[in-house]
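As structure tokens, the structure follows; a few thoughts come after it.
Chain A is the first sequence line, chain B the second, and so forth, proteins listed ahead of strands; every chain is numbered from 1.
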Amino acid sequence: MTGENWERVKEILHRAMQLAPQERNEFLDGTCTSNPALREEVESLLLADDGLHPGFLISPPMAGKWDSVANGIDNAGGLAAGQIFAQRFQLVRKLGEGGMGQVWLAEQTSPVKRQVALKLIKAGMYDESVVQRFQSERQSLVIMDHPAIAKVFDAGTTPQGQPYFVMEYVPGLPITEYCDQKKLKIPDRLELFIHACEAVQHAHQKAIIHRDLKPANILVVEVDGTPTPRIIDFGLAKAIVQQASGESQFTQMGLFMGTPGYMSPEQADPNVRDIDTRADVYSLGVVLYVLLAGLQPFGTKQQQEFPLDELLRKLRVEEPPAPSTKVGGNRLNSAETAEARSTEPRQLVKILRGDLDWITMKALEKDRGRRYGTASDLAADVRHYLNHEPVVARPASAGYQLRKYARRHRAAVAVAAGLVLLLAAFSVLQAFQLRGITRERDRANRERDRATRVTDFMTGMFKVSDPSQARGNGVTAREILDKASNDMGAGLAKDPEVQSQMMQVMASTYQNLGL
Amino acid sequence: MPDYASEPVTELLQNWKQGDEKALQDLLPLVYNELRRLAHYHLQSERPDHTLQSTALVHEAYVRMIGQQPVQFENRAHFMAIASRLMRQILVDYARERRAGKRDGGCRIGLEFAEALPVSGDSELLALDDALEQLSRIDERQAKFVEMKFFGGLAAPDISKILGLSRITVDRDWATARVWLHRQMSRTALP
């Protein structure tokens with residue numbers, strides 16, 4: 001096939017593909033009349049289109065196959081189980097391998113016998129300056145002492161200059177995996193999370209920032225049957241990452257790039273050079289988010305849907321959806337997510353909406369000044385939620401405070417509400433009665449006033465007080481009536497009802513008298 | 001860690017753009033090595049679900065090599081195009097190697113890729129590589145487009161800008177390329 005032909009085929013094929021199958025024949029009849037070969041080609045391709053997997057060439061080459069690619073690339077390292085490392089560690093098995101190096105489970109033989117996790121920094125990931133800062137950092141790591149922080153026993157360098165850490169071996173699962181596996185409910189997850197926050201706070205008080213908090217670094221072990229979080233790799237990031245003057249952590253190191261989803265916006269920002277404890281608060285926020293909603297704020301079920309620079313951009317600029325929105329907006333996975341939390345999707349959305357949304361979003365504020373100032377503030381607010389107290393993350397409103405109060409003192413509030421209701425009912429009854437009485441009283445008063453007015457009027461009829469009018473002789477009925485008629489307009493103006501009645505009386509009197 | 005002075009990379013890109021073929025010769029190994037190193041770095045990570053995909057690797061290589069300095073769109077585009085090409089090469093090379101290893105009975109097969117994902121296995125990848133090669137003989141531009149989109153993870157609008165194509169042409173090229181490649185791959189798979 002020549003290029004020219006292909007252009008023509010493309011054109012016709014593309015148009016045919018947009019038609020319904022039954023319309024295609026007619027279309028091809030019209031376009032390829034004189035060229036049966038062209039038609040055959042297009043039809044063959046249309047057939048291929050029918051059998052096309054919708055994901056063909058859409059999803060990028062899978063990450064999975066990388067395993068063996070990587071093995072092919074580099075088998076250096078040369079460590080094997082059974083080997084003795086640095087004279088006193090017998091390697092048991094490889095626990096994992098990351099960007100920085102390998103982690104081995106090892107048996108320490110002296111000065112004490114114990115199992116340790118041995119973290120070996122890979123050749124190429126360190127140089128002279130790293131070893132130096134590593135030496136200065138190790139002291140601060142060794143002084144950390146908290147049950148929820150895996151201890152750093154020692155740190156050193158091999159005679160060849162390769163740095164290594166000796167850490168407490170934590171045979172646990174990442175916190176998110178543990179919670180899903182045990183189908184822990186939201187309150188239980190929050191309890192674990194609070195413990196993790198407290199551990200982070202401890203390290204912060206010793207002026208150590210983790211810088212790479214993520215579920216894989218917050219493991220859960222069961223101590224006497226009680227799940228307990230244990231944070232690993234504290235401060236390692238700083239110890240290893242060289243921070244030459246004027247360069248940010250981000251450009252220096254691919255260290256966090258494996259899990260950019262947990263990195264704070266300031267860590268993704270090349271212009272920010274002072275990373276402080278609030279970066280950890282952000283990462284804890286992401287962990288909380290995943291514990292609640294099952295996905296990262298910008299994550300989807302299909303891992304790594306976005307290219308890295310897009311993800312970093314989102315991280316710096318975009319406002320993620322609240323956890324409840326994430327669950328509610330994801331019908332496909334919400335059932336699974338809810339099930340891992342021993343609840344129903346709709347119920348889960350209801351639990352998350354409000355307090356937990358606010359708490360999470362406050363921890364995830366892009367501007368670190370608006371986040372919780374410390375990990376313990378975050379923990380305290382989660383505790384508020386669990387205790388049905390108002391959470392700090394919520395903009396204060398009277399109704400909300402009241403709801404929280406009511407939720408906390410259910411019985412007392414119920415009794416009080418009952419009393420108030422009774423009182424209200426009683427008041428209404430009273431008011432009705434009062435209104436009835438008042439109406440009666442007013443009516444009586446009105447009757448009385450009317451009677452008085454009529455009497456006054458009648459009296460006035462016969463009162464001819466003006467001497468000029470008294471002509472010494474008898475007053476005729478007609479004169480009286482005429483005077484009364486005249487007076488009526490003014491005298492009874494206040495009471496139109498009486499006025500009209502009287503007018504009628506007068507009229508009939510005139511008539512009866514035949515006047 | 002290896003220190004990439006990003007300046008040479010941008011400079012090389014610049015020179016190459018201005019017609020210096022040698023610049024490309026210098027540039028390719030730099031990018032190639034970085035991609036391989038990144039692949040290694042991520043693939044060995046403890047948690048396979050966190051490993052990055054090839055497209056993400058291309059982007060990461062870009063971020064690491066060019067860094068934060070202001071770069072013209074054309075430079076970025078060229079870098080991506082080169083990296084896509086190299087990514088394809090790396091993947092294909094390893095698929096070949098592994099297949100050779102399998103014949104010796106040496107290589108294990110990762111079960112986790114057994115799920116029926118399109119272009120997941122080595123043979124599919126190699127078939128795709130062949131098909132792409134053939135497509136490039138008929139329509140070089142279209143093959144390049146597929147390479148950038150599939151291996152480099154570039155978005156269609158970006159590619160249309162790099163190749164100077166209209167939106168409609170891009171849509172058409174993409175849709176027809178998929179069909180054509182699919183047919184080509186099933187033809188070669190049959191015998």
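Taking every heavy atom of both residues into account, A:L45 and B:V179 meet most closely at O-CG1, 2.9 Å. Closest heavy-atom contact between A:A48 and B:H182: O-CD2, 3.2 Å.
A:A37 pairs by the side-chain contact (heavy atoms from CB on, under 4.5 Å) definition with A:N35, not counting sequence neighbours. Looking at residues two or more places apart in sequence or on another chain, you find a side-chain contact (heavy atoms from CB on, under 4.5 Å) between A:E11 and A:R15, B:R172.
Taken to the nearest 0.5 Å, the CH2 atom of B:W174 stands 12.5 Å off from the NE2 atom of A:H14. Rounded to the nearest 0.5 Å, atoms CD1 (A:I12) and OG1 (B:T176) are 12.0 Å apart.
With a 6.0 Å radius and a threshold of 12 heavy atoms from other residues, nucleotides or ligands, A:Q18 has its CD atom above the threshold.
With respect to A:K10 and B:D139, a salt bridge is recorded, a charged nitrogen being found less than 4.0 Å from a carboxylate O.
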**OP:** Please report the C-alpha distance between A:W6 and B:Q142 in whole Å, then the side-chain angles of each, then the deciding distance to 0.1 Å, and finally whether the side-chain contact (heavy atoms from CB on, under 4.5 Å) criterion is met.
**Re:** CA-CA 11 Å; A:W6 174 232; B:Q142 202 177 10; 2.8 Å; yes

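Neither the backbone nor the side chain of B:E140 comes within contact range of chain A; no heavy atoms are under 4.5 Å apart.
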